Amino acid sequence: MTVKEQGQIQIHTENIFPIIKKAVYSGHEVFLRELVSNGVDAISKRRMAAMGGDCSEGEEGKIRISIDREAKTITISDNGIGMSADEVKRYINQVAFSSAEEFLQKYKSEDDAIIGHFGLGFYSSFMVADQVELVTLSARPDAEAVRWSCDGSPNFTLEGGERSEPGTDVILHLQEEEIEYIEPSRLRTLITTYCDFLPVEVQLEGETVNKRQAPWRSSPRDLSDQDYIDFYRYLYPFQGDPLLWVHLNTDYPYNLQGILFFPRLTGRTDWERGEIRLYCNQVFVSDSIKEVVPRYLLPLRGVIDSPDIPLNVSRSALQTDRRVRSIGGFVAKKVGDRLKELHRDEPKRYAEIWEALAPFIKIGAMEDDKFADQVADLVLYGTTAPAGEQEETPDPIASGDQAYTTLAGYRSRLGEANAKRILYCTDEAGQAGPLALWKGQGAEVLLADTLIDAQFIPWLESRHQELTFQRVDSELDDSLQEKEAEISDSEGKDASEQLRSLFKEVLNSDKVTVQVQSLKGDNAPAALILLPEQMRRINDMGALMEQRLPGLPEHHVLLINRRHPLVEGLLKLSAGAVITGAGASSPSQQLANQLGQHLYEMARLAVGGLEPNQLAGFQQRSTDLLSQLLARGL
C-alpha cells in the first residue's frame, strides 16, 4: 500500500495527548460518547449534503460497534459523509480547527444542529488506546478511501485505505490498563448512559442498544400521561411515579427542550447536586447542573437538553455566564406556571400532593424574589377550619382528614377585630392546650409544622409587614378569658394573687413568670407554658446558630387557670394549711406545694420541656404524690 503522507499533527505543544488524558477529560469512558457523537454528526452531514445534491444519500444512518478480542480492538463505524484525504488533514491533523464550524456555515439553515463541534472529541480515543486507526471514504463523487494511523505521538501516517461504502471506521487498539472496554457489558452500559436517546441506531455486535426516541423532543400534544410516567420509570426505576411534570420547549432566545418531574421526596433528597440530567442534542453530558437550575429546583428529576448551554471543551463542565442564569430563570418560570395551572384547574389534586411540593415552593420563594411573586397565592397551609363543601367556596380544600387554605383565603375569614393577626401552630401535640383554647373560641389556626416553616414564617412576616404572626402558645387574648369578680381574703389578697404567691414560692425562680387567668371552656387545662413570640424566636435563632434543637427557654410564662377544679382544690388545700412553728410547713401545705410543682412539670412535659435526665425525677415525684393522695383518701 502506498504511503501518501507522513508528518506531525499540527498542534502548539510537544504532545497534546497527556493534556487530553489528564486535563481535558475527567473520565476515560467518555471516549465512546465522543466517537459515537462524531458518527451521528457524519450521518447528519451526509443527509444534509445529499439534500443539497452534493453526495449520494445512502442507506439509513447507523452506528456499528464491533469487538475483536484477539486483536484487543474496538471499531466504531458509521455510514455518514466520510472524509477525503484533504479533509482528514484539515479535520484530524489540525486539532485547533473545527470541522463543524465550516460545515455549519454552509448548511446553517438546517434545524438540527451538529453535535461534535467541540474540537477535541476525536482525540479522546487516545485516553484508552495506544494506537488509533481511521479508515474513511467520502460520500462525494469519485472519492478514494483513506487510512490514517497514529500511535499517540504527534506523528501520523496517511495512506490509501480499503472501504467500499462511504463512512468512517475508527479502530482503537486498547491499552492494557483500559482492557475493560473490550467487554460488551461495559460498552452497553456506556451506550445506554451517553447515547441512549440519539436519533441514530447504535448497534453493538449487531444488536441495537439505544432507545433512539427522546420524549422531550416531542410535542406535549403527542404524549399521553402514561408516556410521561413510562419515561420517568425508565430514567428512575423503582422510584415510584412522579407527582407531576413540566414539559420545556423554547427556541428563543436560546434553544432548550426538556421534561422535569416532581418526585416524591425522601429523607435522602440531594438539595446540593440534584438529579436532573443535562443533554446536548440528545447526548448525555452531566447529571450535575447546579449552575443551570436554581438550587431549590435541584431535587427535581428529568432532562434538560440544550445546545446553547456553554460547555467546556470536554463537555464535562458548564461555563457559567449570563445565558446560563437566563436559562435558570426560564426553567423556574415554567415550573411556576405549571404549579399555577394545577392549582387553578385541579385544586384537590394540588392539595393532595402539597406536602411533597411544599419544600420546592417554600425554599424557592425564600431564595428567589421572582419565583416568590409567582407562587405567592400557591402556598397552602393546613388549617383548623372545616373544608369548603360547595364548589363556589373551594377554600379551604379538603385532602383526606386535613383541610388546606391559602393566606388570602385565611384572611378573608378573619373578623374585623383580628384582621391583621395570623394565628399559627407549629406542633399540634406540644401546643395542644393553647390550640384547643383558640379552637374552642372559634378561632381559625394555620398549621406550620415542618422544619422549613421555622424559616418560612419569619420570611412571610418580612413580606407582609402589615400582619402580625402569632403562635398559639405565645399569649392569650381577652377572648379566651372569663371576666369574674374575685373575693379577697383577710389579708386583702384575691384568689389570683394567692395562686401567684403559691407558685412563685414553689418554683423559686425569677426566670419563670407566673400569670393567673380564668380561661373559658370546660376542657381548658389547669396550667400552660406560654412563650412570648420574640423571646421564643431569639431562643430558636440561638439553637439554629449552635446547630441544636430548640428546647424550652429558661425565661418563659407559667399560666395558671384558676377556674380548673384542680387549681381550685389546690387553693383550698393551701388556704386550710395549719401554720407551724420554726418556719416549717404543715403536711397540707407540703402537699399543696407538691401539687403546684406537679402542675408546672406537667405543663413543661406537654411542650417537651423536660430533659431526658429530668424524667426519672418527675416519675418518682409523681409516684410519691399519688401515694400521699391515696393515703389521705383512705
Side-chain angles (χ1 to χ4, degrees), residues 192-193 196-197 211 213-250 256-280 282-306 309 327-346 348-365 367-368 371 374-375 378 380 452:
T192 55
T193 297
D196 208 13
F197 298 103
K211 289 179 68 68
Q213 298 299 321
W216 63 88
R217 299 295 291 263
S218 301
S219 168
R221 294 188 299 271
D222 298 331
L223 298 175
S224 66
D225 287 355
Q226 192 59 49
D227 290 331
Y228 286 105
I229 293 171
D230 289 344
F231 179 48
Y232 181 85
R233 290 173 178 173
Y234 180 75
L235 292 179
Y236 308 99
F238 311 112
Q239 299 293 311
D241 290 344
L243 299 171
L244 73 155
W245 46 86
V246 184
H247 200 127
L248 307 172
N249 190 2
T250 184
L256 183 146
Q257 293 86 34
I259 300 174
L260 299 182
F261 297 93
F262 279 85
R264 296 184 184 276
L265 295 182
T266 67
R268 297 173 297 171
T269 301
D270 187 350
W271 287 87
E272 297 301 328
R273 190 170 187 273
E275 297 188 64
I276 300 172
R277 303 181 184 187
L278 177 64
Y279 285 72
C280 179
Q282 297 166 247
V283 177
F284 174 71
V285 173
S286 175
D287 58 2
S288 177
I289 60 169
K290 59 184 179 181
E291 294 89 349
V292 176
V293 175
R295 189 183 77 90
Y296 56 90
L297 295 180
L298 282 177
L300 293 181
R301 295 174 177 173
V303 168
I304 290 178
D305 187 340
S306 174
I309 294 178
I327 288 174
F330 167 77
V331 172
K333 183 180 185 304
K334 297 300 289 186
V335 168
D337 289 344
R338 179 68 180 96
L339 293 170
K340 276 186 177 180
E341 177 187 349
L342 182 66
H343 181 263
R344 180 190 67 234
D345 299 340
E346 300 179 69
K348 287 189 177 295
R349 169 66 177 156
Y350 186 82
E352 286 172 3
I353 63 176
W354 165 250
E355 297 301 331
L357 299 178
F360 296 103
I361 296 176
K362 291 179 178 179
I363 293 176
E367 294 186 352
D368 184 340
F371 189 73
Q374 199 174 7
V375 301
L378 306 182
L380 297 187
I452 297 173

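In this text, all values refer to a predicted model and were calculated from it rather than measured experimentally.
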Go through Leu223 and Trp245 one step at a time and tell me if the side-chain contact (heavy atoms from CB on, under 4.5 Å) criterion holds.
CA-CA 12 Å; Leu223 298 175; Trp245 46 86; over 6 Å; no
Begin with the C-alpha distance, continue with both residues' side-chain angles, and end with the deciding distance and a verdict on side-chain contact (heavy atoms from CB on, under 4.5 Å) for Phe262 and Leu342.
CA-CA 13 Å; Phe262 279 85; Leu342 182 66; over 6 Å; no
Trace of the side-chain contact (heavy atoms from CB on, under 4.5 Å) decision for Leu235 with Arg301
CA-CA 9 Å; Leu235 292 179; Arg301 295 174 177 173; over 6 Å; no
Candidate pair Leu243 and Arg264, rule side-chain contact (heavy atoms from CB on, under 4.5 Å), full reasoning:
CA-CA 7 Å; Leu243 299 171; Arg264 296 184 184 276; 3.3 Å; yes
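When all heavy atoms of Gln374 and Ala332 are compared, the pair lying nearest together is OE1-O, 3.9 Å. The nearest pair of heavy atoms linking Phe360 to Pro263 is CZ-CD, 4.1 Å. Considering every non-hydrogen atom in both Phe371 and Ala365, the closest pair reads CD2-N, 3.7 Å. Between Ile276 and Leu300 the shortest heavy-atom distance is CG1-O, 3.1 Å.
The structure places CG of Asp368 at 13.0 Å from CD1 of Ile363, a figure rounded to the nearest 0.5 Å. The line from CG of Leu256 to CG of Asn249 is 8.5 Å long, rounded to the nearest 0.5 Å. Rounding to the nearest 0.5 Å gives a distance of 8.0 Å between OH of Tyr228 and CZ of Phe261. Rounding to the nearest 0.5 Å gives a distance of 10.5 Å between CZ of Arg295 and CG of Leu297. In this structure, the separation between CG on Leu260 and NZ on Lys334 is 11.5 Å, given to the nearest 0.5 Å. With rounding to the nearest 0.5 angstrom, the CG atom of Leu378 is 10.0 Å from the CG atom of Leu357.
In this structure, Asp227 and Pro215 have side chains that are not in contact, with every pair of non-hydrogen atoms separated by 4.5 Å or more. For the pair Arg233 and Asp241, the minimum side-chain heavy-atom distance is below 4.5 Å. Contact check for Thr193 versus Phe284: side-chain heavy atoms found under the 4.5 Å cut-off. Between Tyr234 and Lys211, the closest side-chain pair of non-hydrogen atoms falls below 4.5 Å.
Of the possible polar contacts, none joining the His343 side chain to the Val375 backbone as a donor-acceptor pair under 3.5 Å is found. Gln257 places no side-chain N or O within donor-acceptor distance of the main-chain N or O of Arg217, the cut-off being under 3.5 Å.
Classified by interplanar angle (parallel below 30°, tilted 30° to 60°, perpendicular above 60°), the ring pair Phe197/Tyr279 is perpendicular.
Residue pairs meeting the side chain to side chain donor-acceptor pair (under 3.5 Å) criterion with at least one partner in residues 350-364, sequence neighbours excluded, are Glu355-Tyr404, Lys362-Asp453.
Annotation: Glu341, atom CD; neighbour count of heavy atoms from other residues, nucleotides and ligands within 6.0 Å is above 12.
Taking the ring axis of Tyr236 as reference, the NZ or CZ atom of Arg277 stays within 45° of it and closer than 6.0 Å to the ring centre.
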